[in-house]
Amino acid sequence: MNLTPLKLSETQIQDLTKLLYLIAHRHPHYEFIPIFPAIAAIFISFYPDRVVYSLLEVIIKSGNSGSEMKEWPFFPQNRRESLIFSKIFDDLLIKFVPNVSRHILKLQSREPEFNPRWNNLLSEFFIGILPNSF
């Protein structure tokens, strides 16, 4: 993820890395949640690392209810769900915005390596696209 638009200091980037490792260590049952690094990066640009850690823990605990796991309907939690999310988004694009879909297909025919990754764009909270104030 490109963190340049957030203008984080070197210390904030180090703290962010430590926080993400700590969260991954404490919650290994969550294989892959692509939105977490973006959430943590945005939080760390406003709050100290201890507060960010607490906020991330609250988000994780909001997905749990005792010993029973609740689904997070909008956050893919593993690589399979992330690929399914991307495929569904592609299908919705074809159905509801066919002009954009056709344009992407033209780009892919000219440049086969072009592959829009909707899940990356959406899971990074548009960091680098929208101004930070949003």
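Fair warning: this is a prediction, and the values are worked out from it, not measured in the lab.
Residues Phe36 and His27 fail the side-chain proximity criterion, which asks for heavy atoms closer than 4.5 Å. Considering only heavy atoms from C-beta on, Tyr53 comes within 4.5 Å of Ile23 through its side chain. For the pair Ile59/Phe43, a side-chain contact is recorded, criterion being any heavy-atom separation below 4.5 Å from C-beta on. Using a 4.5 Å cut-off on side-chain heavy atoms (C-beta onward), Gln12 and Leu6 make no contact.
Salt-bridge formation is not detected for the pair Lys95/Asp91: no Lys NZ or Arg NE/NH1/NH2 atom is positioned less than 4.0 Å from an Asp or Glu carboxylate oxygen.
Counting all heavy atoms, side chain and backbone alike, Leu20 lies closest to Ala40 at CD2-CB, 4.0 Å. In terms of heavy atoms, Pro37 sits closest to Leu16 at O-CD1, 4.4 Å. Of all the heavy atoms in Ala41 and Leu8, the pair that sits closest is O-CD2, 4.1 Å.
Put simply, Tyr21 and Ile44 are part of two different groups of oily side chains (I, L, V, M, F, W, Y) that touch within less than 4.5 Å, one to the next. Under the 4.5 Å side-chain heavy-atom criterion for grouping Ile, Leu, Val, Met, Phe, Trp and Tyr, Ile84 is not connected to Ile94 through any hydrophobic cluster.
The line from CG of Leu22 to CG of Asp49 is 10.0 Å long, rounded to the nearest 0.5 Å.
No side-chain donor-acceptor contact under 3.5 Å links Ser101 to the backbone of Val97.
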